[in-house]
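Proteins get letters first, then strands, A, B, ... in listed order; numbering begins at 1 in each. The model shown is predicted, which means the values in this text are computed figures rather than measured ones.
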2 protein chains.
Amino acid sequence: MSPTEKTRPTGHDRLRGSVLAGDLSFLLARANALTLAAANAALAEHGLKARSYSVLALAADDVRPTQRELAEFLRLDPSQVVALIDGLERRQLVERRTDPADRRANVLVATDVGRALFIRAQESARAVELGLLATVPPEDHERLAHLLRTAAGLSRPLP
Amino acid sequence: MSPTEKTRPTGHDRLRGSVLAGDLSFLLARANALTLAAANAALAEHGLKARSYSVLALAADDVRPTQRELAEFLRLDPSQVVALIDGLERRQLVERRTDPADRRANVLVATDVGRALFIRAQESARAVELGLLATVPPEDHERLAHLLRTAAGLSRPLP
DNA sequence: CACGATCCATTGAAGAAGTCAATTATTGAC
DNA sequence: GTCAATAATTGACTTCTTCAATGGATCGTG
């Protein structure tokens with residue numbers, strides 16, 4: 001006689017069946033929360049967080065972004081970018097160079113030290129990415145990337 | 001004579017080609033930032049945000065979550081759940097009921113007013129979801145949902 | 001049944017992150 | 001040259017996050 005098995009499935013299982021679990025915005029938020037936590041933990045050994053890693057990545061990429069461009073791309077307030085760069089510049093990972101084409105603007109470039117740190121941090125970031133992809137069948141990897149890129153408003157508008 | 005077309009492609013275009021734009025964690029963060037902003041804007045007319053909407057959704061779903069379960073599911077600190085519920089309870093949208101099975105725990109249930117508001121708010125949330133899906137080909141919708149569900153750690157462990 | 005360990009909800013404090021208006025320097029349009 | 005618009009910065013303010021401590025309830029073990 002199975003004893004009425006109320007099961008009490010750890011709550012989590014119960015909530016997993018709720019309508020909210022079908023809400024894409026929620027799923028996105030939760031996936032992001034998990035990934036962000038993993039990324040911050042992995043980057044901590046380099047004295048970075050996801051945010052500062054992103055800034056360093058763009059600086060090391062020789063794309064020479066202005067602070068305004070950084071703010072827009074990272075979806076931050078310009079004043080937050082100031083603080084973020086201050087932190088990296090204090091560690092000599094990055095330099096502000098006034099844009100010769102527009103002396104109001106600063107362009108961000110990585111120092112050699114910054115580039116070296118970025119290479120190392122990238123490995124940690126890659127590990128997180130692999131962890132994220134581990135649950136997804138390999139043949140879906142490119143598709144996931146593409147879907148996220150469009151959801152992030154960054155897919156190519158077909159040139 | 002096309003004048004050397006330095007193009008200066010709005011910066012955004014330039015950054016879009018950076019290595020960071022290929023980083024899944026970053027894409028997830030950016031997609032979430034955009035979606036969250038849209039959701040908060042859409043829910044504002046109901047006096048809700050994404051967070052409070054999520055709590056209300058679970059309450060209205062008769063899944064009777066405890067506060068601890070809410071915290072775990074929404075990836076929040078238990079103390080944040082307290083504040084969130086306080087706000088909803090003040091507006092008489094939800095009620096705390098002590099769990100008869102464990103008098104330490106509160107179980108969250110929606111009032112009739114709360115259910116009615118949720119129905120309305122759900123429409124707004126749905127509009128955001130449609131906006132998110134608009135850029136994705138319809139045949140990929142279910143796949144996107146599935147991918148996000150697994151990235152969010154909520155995919156069924158195959159029963 | 002009593003004891004101690006554990007768990008739930010709550011509070012409060014400290015710090016990080018986000019929002020916003022005001023300021024300075026520079027640019028571009030006219 | 002003047003004037004509106006823009007880039008970066010600062011400061012004030014709010015919200016979010018994180019953490020430790022507390023009181024009440026439960027559970028396991030003896």
Measure from [atom1] on [X] to [atom2] on [N] and round the result to the nearest Å.
X: B:L36; N: C:dG18; atom1: CG; atom2: P; answer: 11 Å
X: B:I85; N: C:dA9; atom1: CD1; atom2: P; answer: 8 Å
X: A:D77; N: D:dT10; atom1: CG; atom2: C1'; answer: 12 Å
X: B:D99; N: D:dG24; atom1: CG; atom2: C1'; answer: 15 Å
X: A:D86; N: D:dA8; atom1: CG; atom2: P; answer: 13 Å
X: B:Q67; N: C:dT11; atom1: CD; atom2: P; answer: 10 Å

Residue pair A:S18, B:F73: steps toward the side-chain contact (heavy atoms from CB on, under 4.5 Å) verdict: CA-CA 11 Å; A:S18 64; B:F73 198 62; 4.3 Å; yes

Return no unless some side-chain N or O of [X] is found under 4.0 Å from OP1 or OP2 of [N].
X: B:R68; N: D:dA25; result: no
X: B:R96; N: C:dT10; result: yes
X: B:Q80; N: D:dT17; result: yes
X: B:K49; N: D:dT15; result: no

Note: B:E123-B:R126 ion pair, threshold 4.0 Å (strictly below): no

Pair B:R64 + B:E69: basic N to acidic O under 4.0 Å: no

Closest listed nucleotide, where the reference is the side chain of A:A105 and the choices are C:dT10, D:dT17, D:dA8: D:dA8

Minimum-distance nucleotide (side-chain atoms of A:D102 versus C:dC20, C:dT26, D:dT18): C:dT26

Distance-only donor-acceptor test (3.5 Å): side chain [X], base [N]:
X: B:T66; N: C:dC8; value: no
X: A:R103; N: C:dT26; value: no
X: B:R104; N: C:dC7; value: yes

Test side-chain contact (heavy atoms from CB on, under 4.5 Å) applied to B:I85 and B:N106, step by step: CA-CA 11 Å; B:I85 297 181; B:N106 292 332; over 6 Å; no

Flag side-chain contact, heavy atom, 4.5 Å: B:V109 against B:D62: no

Sugar-phosphate only, base, or nothing, as touched by B:R51 at under 4.0 Å among non-hydrogen atoms: sugar-phosphate

